[in-house]
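Written below as structure tokens is the structure these notes are about.
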Amino acid sequence: MNTKIWLSSPHMGGTEQDYVKEAFEANWIAPLGPNVNGFEKDLETYLGEDKKVACLSSGTAAIHLALVQLGVQINDEVICQTFTFCGSSNPIAYQGATPVFVDSESETWNMCPKQLEIAIEDRIAKGKKPKAIIIVHLYGMPSKIDELLQVASKYKIPVIEDAAEALGSTYKGRKCGTFGDFSILSFNGNKIITTSGGGAMVCNTDEDKIQTVFYATQARDNAPHYEHSKIGYNYRMSNISAGIGRGQMEVLDKHIALRRDMHDFYVDLFKDIKGVEVQKQPSSDFYSNFWLSCILIHENAAFTKTQFQEAMEADNIETRPLWKPMHLQPVCVDNPYYGDGFSESLFVKGLCLPSGSNLTIEEKNRIKHSIASLIK
Ligand SMILES: Cc1ncc(COP(=O)(O)O)c(C=O)c1O
């Protein structure tokens, strides 16, 4: 059996272990230390816009702390893009609040501004104004940020920007992860850069960063003993993980270029294949890191999605259906949903393909051959 080709596997740059070694030598084996500070600085410099970054144990933890800081409580409602990974919306439930799901539009596959406004109006009419809106740049594709922020500001609802999959993507030249009242990043093992597991909160002010770190370190009041007037969490990033992150920052731009090359590879591969559509950027305003390359297999294609998956699997090549919309998940079936079924059609037709920055020419050839054999 050939070795497995993954959708997206960790790709080390080479210097990560130097930072980890430094941590060992200085005995900074803790959820604080020079690597945490250094990684935060690196991210702040990379994102620009005078943002303040707090490194955390995961992207999910970052969303949770954003909700905590926006005052989301039991029985509140929070709007969330339905076409996303559960890490975007689960923290709403951690707070005892209700996720209200909103569908995507066809150009970016992210939250539809029109459906967002319909949802807000209806929730207000039903007696509850949503406490926050979670927008997502899924697969690295920037959402229609101007339109979404316009709706959010019209109704004065704060925005949490889930840029877990979109580090390095830009919208109108500005980095994703800098648009929200709070924005979040993920460095999980499958992301464009990884710290093995980890995330970050991107804040607008020093005060927000201090509060984030406060909540992420068990909400310890300023006292010589352990004193707590709020409920806190153990969500800070380890200094070992942050060392990996510092090494990864050195290769981030290179890895984005390689992911974009993978996308070009698929555009070329499918250009003459009827009924297969590769996701594309709607205009020059949208610059995707193409964290994952995605295709839609339409009804007029010569093969079905299942046949495509089986052909790839026969050569040990991973594919995965596009994320199942959250409003279809058994755990969320009773949650409010606003949309016209677009994300459902993405789930039916769509697949994610191997997209790593570390795929070799031989591996690309294997992908090419599997697809060629399917067409024959
Ligand atoms: C869109 C999205 N949001 C949130 C998360 C949660 O991030 P983490 O896995 O770091 O908790 C992920 C990824 O895992 C994600 O893809």
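Each ligand, and each atom within it, is numbered from 1 in the order the structure gives.
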Subject >> Approximate separation, where rounding is to 0.5 Å, of Glu107 CD and Lys280 NZ >> reply: 9.0 Å

Identify, for [atom], the protein heavy atom at the shortest distance, and state residue, atom and that distance.
| atom | result |
| --- | --- |
| atom 12 (C) of ligand 1 | Phe85 CD2, 3.6 Å |
| atom 9 (O) of ligand 1 | Asn188 ND2, 2.9 Å |
| atom 16 (O) of ligand 1 | Glu165 OE2, 2.5 Å |
| atom 3 (N) of ligand 1 | Asp162 OD2, 2.6 Å |

Subject >> Remaining members of hydrophobic cluster (4.5 Å side-chain criterion), Tyr19 >> reply: none

Subject >> Other ILVMFWY residues reachable from Val333 by side-chain steps of under 4.5 Å >> reply: none

Subject >> Test item, Gly199 contacting ligand 1 (heavy atom, 4.0 angstrom) >> reply: no

Considering only heavy atoms, does [X] approach ligand 1 within less than 4.0 Å through its side chain, its backbone, both, or neither?
| X | value |
| --- | --- |
| Ser58 | both |
| Thr60 | both |
| Asn190 | neither |
| Ile184 | neither |

Please could you name the atoms of ligand 1 that [X] approaches to less than 4.0 Å, counting only its heavy atoms?
| X | answer |
| --- | --- |
| Ala164 | 2 (C), 3 (N), 4 (C), 5 (C), 12 (C), 15 (C) |
| Val136 | 1 (C) |
| Lys191 | 12 (C), 13 (C), 14 (O), 16 (O) |
| Gly198 | 10 (O) |
| Ser186 | 7 (O), 8 (P), 9 (O), 10 (O) |
| Thr84 | 1 (C) |

NZ/NE/NH1/NH2 to OD/OE distance under 4.0 Å, [X] and [Y]:
| X | Y | value |
| --- | --- | --- |
| Asp272 | Lys274 | no |
| Glu363 | Lys368 | no |
| Lys21 | Asp18 | no |
| Glu313 | Arg320 | no |
| Lys154 | Glu117 | yes |

Original post:
Is Arg123 close enough and on-axis enough to Tyr155, meaning under 6.0 Å and within 45°, for cation-pi?
Top reply: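 Here Arg123 fails the 6.0 Å and 45° test against Tyr155.
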
**OP:** Give me the ring orientation class for His263 and Phe290: parallel if the planes are under 30° apart, tilted from 30 to 60°, perpendicular past 60°.
**Re:** parallel

